[in-house]
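These notes are about the structure you will find just below.
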Amino acid sequence: MRVLMFGWEFPPHITGGLGTACFGLVKGLGKHGVDVIFVVPKAYGDEAEEGFRLVNASDMVLDFTKTIYQEHWNRIKFMEIGSNLVPYVGPEEFEKMVQEDSLKLSEETQSVFSERYQFSGKYGHKLMEEVSRYAIVASVIAEQTTYDVIHAHDWLTYAAGIAAKKVSGKPLVVHVHATEFDRSGENINQTVYELERQGMEEADLVITVSNLTRQIVIERYGIDSEKVITVHNAVEPTDRPELNEVTKHVHEKVVTFLGRVTFQKGPDYFIEAANKVLKKDPNVRFVMAGSGDLLNKMIRRAAQLHIGTKFHFTGFLNGPEVDTMFAMSDVYVMPSVSEPFGISPLEAMRSNVPVVISKQSGVSEVLKHALKVDFWDIDALADAIYGLLHYEGLKKMFIKYGKDEVDNLKWDSAAGKVLEVYQRAQTL
Amino acid sequence: MRSICLYFQVHQPFRLRTYRFFNIGDDHHYYDDYQNRQIIRRVAEKCYLPANKMMLDLIREYGTAFKANFSVSGTALEQLQQYAPEVIQGFKQLAKTGCVEFLAETYSHSLASLGNREEFVRQVKRHSDTIELLFGQKPQTFHNSELIYSDGIGEMVTDMGFTSLMTEGAKHILGWKSPNYMYCSARNPKLKLLLRNFRLSDDIAFRFSTQGWPEWPLTAEKFTGWLNRIEPREEVVNVFIDYETIGERQWKETGIFEFFKALPKFVLSKSNFRFSTPAELTHILQPVAQLHVAHPISWADEERDLTSWLGNELQDEAFSKLYALTERIQTLDDPAIERDWQYLQTSDHFYYMCTKWFSDGTVHKYFNPYPSPYEAFINYMNVLSDFTIRVDEAIARKRTSGLKSKSKEQKEKAPKVVRKAPRTTTGKLIEEGHVKKLTTIKAAKTRAENARKAAVKTTKEEVAEKVFKSLNFDDIITLSDSKIKKIIKSIEIETVSAAMKGANKELREKVEKNLGKRALKTYKELLQQIKTISESEIKKSQKLIEKQIKLLTK
């Protein structure tokens, strides 16, 4: 079987969990004998291509005299409305998008129709323009290659998926890694929502990363529950023995929050819980690793609570730094308000770090050896942290069973389930 | 005539409330009163009250031909008294009929038999006393929490004066043997063992309303038919189930009440079985064989072992931290601490920490108020942390008040010394002399005290027979060789060697010369093996020996 897959990013050039998940899935599919053509807006040339083809959309030369593209353009034109809430926008890249005026719109149309469009491959200012252009390129690739199923990851690529389906008539599977409700709470961006809904509508089958997300897709997007299937994410095993030699330079136990410091991740609950624990036991250090739009607010809050000497901010951490951070941690906390899946607890457990996760995360559906609390229940969160720090038996249990549990969440088996979805899509 | 013996376990734990770590050292109320009350009320209405009434009706209808037996834990009794006293009234009425026997168990339905011998003995006694007080009968037959039993437990139970015990007819213990006989303990043939017929018991307790079960629906007639099919030579069927089965686990809609109402009719008319109490059984029956149970068994799960309560890291940590408090608590006399000490020992708390249901065991999940064993553990440990602080504080208080009364004594005596001092010294020297005198007098006092103690020790030998109760481990040296031999015989050689590890040379020699050849050999080997042994372990063994001294020299 051959699959045309549309993604937005690919390791090592990633800004969120999407790229990592795609990589794991593609490798897993390879083991099931599935041939994948993976299309990204911009390839850097150093991506690990193992058993699949990576197509760089920036390399595509388009002949825009063909009417077919004009048609596509007419269909996806509405995307040119600015969005000020786009996923995974780092503070550096975050630039408030302004309402498009007619003049700008025509300019953008011009630039989209240049023969060779340089995708930035990043999330930010020109995101909507890139999404549109990506869809057009997709239709070209869709026409030039042969495959059995189209697979599109998250809303950025849904338009591309739809375009490919229109051109080839092959079944489309869209993969929901996150929804607009996860990113923005109740203040959703209507344009993004509409794009998501349309992608799910047009798709033959929809894959969600958790039952939590599946429920949102069914309830908030009105998608027929029959065509929504949950395939939980997995995690790639790592062998990094050098991490065993990582030593922390403080004698206190370290409790870590690691992720974007945004509303969705619940950093404020982490600080409040830290405060409660520190009142009882000052012999603990808390670390908030990551950056995001709530970072400054969090720093102020830590100062207000006078826990500054025990509460530390690291800013954004890159891959190896993340691993080191895990190796130094005694407890990992993910208090997400809404988390479609949440792969980081699995990475922590892989490093023998016990985890506390919110019940509002998809990953809590697959983990047994984790402490689960409601994100808003600061008392329960603080209690779980305290328990892990003080009662040896707990830690022993986690080390004994946690790593095994994570090692059993293999992309191979997740890919097997995805393959079943492909097969079902072909029969529809 | 053959016998069927019906036993009903009535137990309710004091369930803990959500107790956060920041409550530690601040809030000493541990129980979810609301939930406990709700559950007791619900179970009373669905099970205890109607089932008690049914039992009473049956006894009235069939007279002494129908018998039922109960084991009610102390924690259940306390909660019933508090929230559903009419249930206790019902049990009292049943007790008056003379057709009901109450069994002995540990007061708080605890695992004390595995944790601490003295605590175990204390709890059983407390439970027996409570039963006698409430129902006017002294329990004759013992059954341990969750039917946990081993040779060692059997021995402790025998030492307490029981001659019969109820436990699980576990397959791996019985092998080809049938549970439908009375057996006796291999180590202590005086102790008669009654074994639960788990197949027939579970048919009622677990499978009664399972529609997928080929035997569904189970009727009294069918059940009697099964009794008839049992080998004619086999003598007794012990059906031991939770009382809550009637009406609570098996709802009344399943026909469970009708089943029990019809059972005496069919059994008495259609079979050669009669209803008996365990006390009657021990008179009617003779043990057919001895049973060896080296490792503890229980009635739980497929394995019939302890893994529902002990064995994983969580359970073991909680259990060892809990029983590490035993000695400290025994020095205290604080009713509030004693109460919590009992409630915290209840086996259910450890059951909630079981991780077996991760793979199977839907039963565990069903009765577990916690979402996971981890939550159960954290909550329990928070409570235990607070409890430990309270115990330590109580001990510290006791010590300081003890010291205060001592120093008070000294103050009363001190003036005499002061008065004497000025006579010999003057000026500044008075003060110095005073201080010196005080210290010398203090030293003299301690010497005198020691001498007095020593004197007591020597006189002890003469009045040994009378004051053996106050004998402690070191006093073994004062005992005659024949006595020592007798004591050693009654104790496992492992215990002796552990205790000797902490003894002085003199005492060791005294004991060693009283060991038999073979015993001496094992003893020497053991001493070699146990290079390192904890102080508490030694203390424990010495305590055991002391116990034995007291028992044997009575």
Side-chain angles (χ1 to χ4, degrees), chain A residues 253 255 272-284 331-333 345 349 352 354-360 364-374 377-406 408, chain B residues 16-27 30 32 307 309-324 344 349-362 364-365 368-389:
Chain A
K253 300 225 166 157
V255 183
E272 300 304 329
N275 186 40
K276 291 205 175 226
V277 174
L278 285 168
K279 269 193 188 142
K280 191 90 192 172
D281 180 5
N283 247 348
V284 190
V331 177
Y332 176 72
V333 182
M349 287 166 76
N352 283 327
V355 299
V356 185
I357 57 179
S358 76
K359 288 180 187 166
Q360 289 71 24
S364 72
E365 292 165 18
V366 293
L367 282 185
K368 284 175 194 157
H369 299 284
L371 288 168
K372 300 168 194 175
V373 298
D374 285 307
D377 195 345
I378 295 162
D379 286 356
L381 180 59
D383 204 42
I385 295 170
Y386 183 89
L388 281 170
L389 293 175
H390 289 81
Y391 308 133
E392 276 299 302
L394 265 188
K395 209 175 119 190
K396 281 190 215 158
M397 283 293 279
F398 276 112
I399 288 175
K400 192 165 166 189
Y401 298 111
K403 197 168 187 319
D404 280 355
E405 185 171 34
V406 174
N408 282 324
Chain B
L16 301 175
R17 70 180 182 93
T18 303
Y19 189 90
R20 302 288 188 212
F21 73 96
F22 32 78
N23 299 128
I24 298 172
D26 173 44
D27 188 336
Y30 306 144
D32 190 338
T307 49
W309 304 276
L310 291 175
N312 76 28
E313 283 80 356
L314 308 178
Q315 295 165 323
D316 289 352
E317 181 177 358
F319 186 80
S320 63
K321 290 259 158 74
L322 175 71
Y323 281 101
L344 291 180
H349 302 308
F350 299 93
Y351 189 75
Y352 303 147
M353 298 173 202
C354 178
T355 38
K356 282 204 292 185
W357 61 261
F358 275 150
S359 47
D360 64 334
T362 40
H364 287 262
K365 219 170 176 179
N368 194 336
Y370 296 95
S372 90
Y374 296 122
E375 271 91 353
F377 173 75
I378 291 182
N379 206 53
Y380 185 82
M381 292 305 281
N382 285 347
V383 168
L384 190 58
S385 303
D386 182 74
F387 182 65
T388 309
I389 293 173

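Order of the sequence lines fixes the chain letters, A, B, ..., with proteins taken first and strands second; residue numbering starts at 1 for each chain.
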Checklist line | Interface moiety of B:Thr18 toward chain A, non-hydrogen atoms closer than 4.5 Å | finding: neither

Check: Out of A:Gly387, A:Ala380, A:Ala384, which one racks up the most heavy-atom pairs below 4.5 Å with chain B?
Finding: A:Ala380

Check: Are the ring centres of B:Phe22 and A:Tyr386 closer than 6.0 Å?
Finding: no

Taking side chain as everything from C-beta outward and backbone as N, CA, C, O, which of these in [X] sits under 4.5 Å from a heavy atom of chain B? Side chain, backbone, both or neither.
{"X": "A:Lys400", "answer": "side chain"}
{"X": "A:Ala370", "answer": "backbone"}
{"X": "A:Val277", "answer": "both"}

Next item on the list: Mind jotting down which residue pairs meet the salt bridge (charged side-chain N to carboxylate O under 4.0 Å, His left out) criterion with at least one end in residues 379-397 of chain A? Sequence neighbours excluded, please.
Entry: A:Lys276-A:Asp379, A:Asp383-B:Arg20

Checklist line | Straight-line distance of B:Thr355 OG1 to A:His369 NE2, nearest 0.5 Å | finding: 7.5 Å

Notebook entry, point to check: Rounded to the nearest 0.5 Å, how far does CZ of B:Phe21 lie from OH of A:Tyr391?
Noted result: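 Rounded to the nearest 0.5 Å, the OH-CZ separation comes out at 9.5 Å.
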
Check: So which residues of residues 309-319 of chain B are in contact with chain A at a heavy-atom cut-off of under 4.5 Å?
Finding: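 Answer by number: B:Asn312, B:Glu313, B:Leu314, B:Glu317.
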
Notebook entry, point to check: ring-ring contact (aromatic ring centres under 6.0 Å, His included) with A:Tyr332: which residues, sequence neighbours excluded?
Noted result: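 A:Tyr332 satisfies ring-ring contact (aromatic ring centres under 6.0 Å, His included) with A:Phe326 only.
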
Check: Between B:Tyr374 and A:Phe398, what is the ring plane arrangement, given parallel below 30°, perpendicular above 60°, and tilted in between?
Finding: parallel

Next item on the list: Could you pull out all residues at least two apart from A:Asp404 that satisfy side chain to side chain contact (heavy atoms under 4.5 Å, CB included)?
Entry: none

